[in-house]
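Below is one structure; the comments refer to it alone.
Computed from a predicted model, the values in this text were never measured in an experiment. Counting begins at 1 with the first residue of the sequence.
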Amino acid sequence: MKVALKVWRFDSSTGERALKEYEIDAPDEATLLDCLDIVKDKHDGTLAYRKSCRMMICGSCGMRMDGAAVLACKTRMYEIAQAGKVPTISAMGNLPVLRDLVVDMEPFWDKFKAMKPYLQPGFERPEDGREYRVTQERMNVIHKEALCVNCGCCVSECNAMESDPEFLGPQALAKGMRFVGDPRDGATVERLEQYSGEHGIWECTRCFFCNERCPKGVDPRDAIAKLGAEAIAHGIDRDMGAKHAKWFIRSTETTGWLRETELVPKTQGVVSSIKQMKFAINLAKHNKAGLAFPPHVAKDVGEARNLHKLVREQDRQGALGHVQGEHALAKLTHGHVEGSLDEIYAKPGAFPKPYLPEDQA
């Protein structure tokens, strides 16, 4: 098949940047990495990029195609070529570009190391030196996080890192959750204290681009949500983000909706609320404050309260509640339900169909 590519070339030593187009012949089964190999071998030996395993395991060949991070060895080119598209290939974002498609991974690895990505055993040891056995249910908490291949695709697309390069980032925090959620680790509280600090868990903007672009289904944003839930469950809630999250939960449990007029005094305190009174009065003048007395209570608030009660009864505080939701979505995604999804959500009174990554519609 005929394949055309536009590749952003860059030389950090000179600062020169240019967009070059290549047209090649490639087998129908070729991936983007295969096409780059053909360009380098037969057309332009100066093209620089990283690769290693070619099997979506090492994570070396992360780059951008048309502005979105991909693993080059995973991206098939047949349909793109058949549609007559000419994709633009560039280096990953949020990392310094060294040359062409090669970025400096040093900041990435520095944050990775800051997570202390190794088990720190506690004091409970199995008797007679036997193997430490962990139940499947406990390991399910970190099943997705353990799939990470450190490719950096999530970091490339992170809005929070674009505005604050010091933010720990989705890959590092997902790796942190891999150890926080491991029952064999003895430094859970210390880790959560560190991750909840400045540039940590609560700086995530929840744009979900990291979930969208992760090629291994790690879903780093979900891992960050688990870390936040674990931090609150352990009483590590001094950060403003944690206080917001706690109030969201309390608000939905009591009235079934978010009472934003109470958000500032409940999370920032009385002094801060007084300082923002002028702003609050302007909101009230334009009917934007949502003032109502007595507070409006949602029609089916009993369902929200029962859900909170069930979570407490089942002792699914912290990350365990998120894991239960992951399992439910996985069953829907893979069709382990009675009838098709369209049939299920077409039933009277059914909830809206959730977003599923594999559902392109």
Side-chain angles (χ1 to χ4, degrees), residues 7-18 32-33 36 40 46-65 67-74 89-120 145-180 187 190-191 194-201 203-205 207 209-211 213-216 218 220-221 223-224 227:
V7 182
W8 274 109
R9 306 295 303 274
F10 177 75
D11 187 343
S12 60
S13 61
T14 62
E16 293 181 0
R17 193 167 186 256
L32 172 58
L33 182 57
L36 292 175
K40 187 173 182 67
T46 65
L47 179 63
Y49 53 95
R50 286 193 177 106
K51 66 173 185 176
S52 186
C53 74
R54 301 164 60 94
M55 298 178 67
M56 299 176 286
I57 295 175
C58 72
S60 298
C61 62
M63 58 188 68
R64 275 177 166 172
M65 174 186 281
V70 297
L71 278 184
C73 66
K74 182 182 180 182
I89 314 303
S90 58
M92 291 195 298
N94 289 324
L95 291 167
V97 182
L98 297 177
R99 181 175 175 184
D100 298 342
L101 307 178
V102 178
V103 296
D104 182 2
M105 296 291 286
E106 195 64 30
F108 177 92
W109 294 120
D110 286 343
K111 292 176 182 179
F112 174 82
K113 295 172 186 175
M115 297 296 100
K116 298 181 179 178
Y118 41 82
L119 285 176
Q120 300 185 52
E145 289 75 12
L147 299 175
C148 179
V149 295
N150 305 316
C151 64
C153 286
C154 59
V155 168
S156 171
E157 308 308 293
C158 179
N159 284 333
M161 293 190 73
E162 189 171 348
S163 61
D164 178 15
E166 296 300 314
F167 174 50
L168 288 172
Q171 183 275 341
L173 290 172
K175 188 62 66 174
M177 181 58 209
R178 183 259 172 270
F179 293 99
V180 165
E190 291 84 349
R191 290 181 187 276
Q194 176 191 349
Y195 306 162
S196 296
E198 188 178 10
H199 311 302
I201 298 170
E203 278 202 17
C204 173
T205 58
C207 67
F209 284 163
C210 57
N211 280 16
R213 301 314 310 169
C214 176
K216 301 295 286 186
V218 175
R221 170 54 212 165
I224 296 172
L227 282 175

Would you say [X] and [Y] make side-chain contact, with heavy atoms under 4.5 Å?
X	Y	answer
Ile89	Met63	yes
Cys204	Phe167	yes
Met55	Cys73	no
Val70	Leu32	yes
His199	Asp164	yes
Met161	Lys111	yes
Cys214	Pro220	yes
Pro215	Cys151	yes

Enter the distance from [X]:[atom1] to [Y]:[atom2] here, rounded to the nearest 0.5 Å.
X	Y	atom1	atom2	answer
Trp109	Asn150	CH2	CG	4.5 Å
Lys216	Cys154	NZ	SG	13.5 Å
Thr205	Asn159	OG1	CG	5.0 Å
Leu36	Asp100	CG	CG	10.5 Å
Glu203	Cys158	CD	SG	10.0 Å
Leu173	Tyr195	CG	OH	8.0 Å

Q. Are a donor atom and an acceptor atom from the side chains of Ser12 and Arg99 found within less than 3.5 Å of each other?
A.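 Ser12 vs Arg99: no donor-acceptor pair found between side chains.
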Q | Donor + acceptor pair across side chains of Asn94, Glu162 (<3.5 Å) | A |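 Judged by distance alone, the side chains do not pair up.
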Give me the atom names and distance for the closest heavy-atom approach of [X] to [Y].
X	Y	value
Leu33	Lys51	CD1-CB, 3.8 Å
Ser90	Trp8	CB-CD1, 3.9 Å
Ala174	Ala223	CA-CB, 3.7 Å

Using a 3.5 Å distance criterion without hydrogens, assess whether the side chain of [X] forms a donor-acceptor pair with backbone atoms of [Y].
X	Y	answer
Arg213	Val155	no
Arg191	Lys116	yes
Gln194	Ala114	yes
Arg17	Phe10	no
Asp11	Glu16	no
Ser156	Gly93	yes
Tyr49	Val102	no
Lys74	Arg54	no

Q: State plainly whether the residues Glu157 and Arg64 are in salt-bridge range, i.e. N to O under 4.0 Å.
A: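 A salt bridge links Glu157 with Arg64.
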Q) Is atom CZ of Phe209 surrounded by more than 12 heavy atoms (other residues, nucleotides or ligands) closer than 6.0 Å? A)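 Check fails, neighbour count at 12 or below.
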Q. Are Phe179 and Met115 close enough, and set up right, to give a side-chain contact (heavy atoms from CB on, under 4.5 Å), and what steps lead you there?
A. CA-CA 9 Å; Phe179 293 99; Met115 297 296 100; over 6 Å; no
Q: Apply side-chain contact (heavy atoms from CB on, under 4.5 Å) to Leu95 and Met105, showing your working.
A: CA-CA 7 Å; Leu95 291 167; Met105 296 291 286; 3.8 Å; yes
Q: Test Cys210 against Arg221 for side-chain contact (heavy atoms from CB on, under 4.5 Å), laying out the working first.
A: CA-CA 7 Å; Cys210 57; Arg221 170 54 212 165; 3.6 Å; yes
Q: Report the C-alpha distance between Thr46 and Arg9 in whole Å, list the side-chain angles of each, state the deciding distance to 0.1 Å, and finish with yes or no for side-chain contact (heavy atoms from CB on, under 4.5 Å).
A: CA-CA 10 Å; Thr46 65; Arg9 306 295 303 274; 2.9 Å; yes
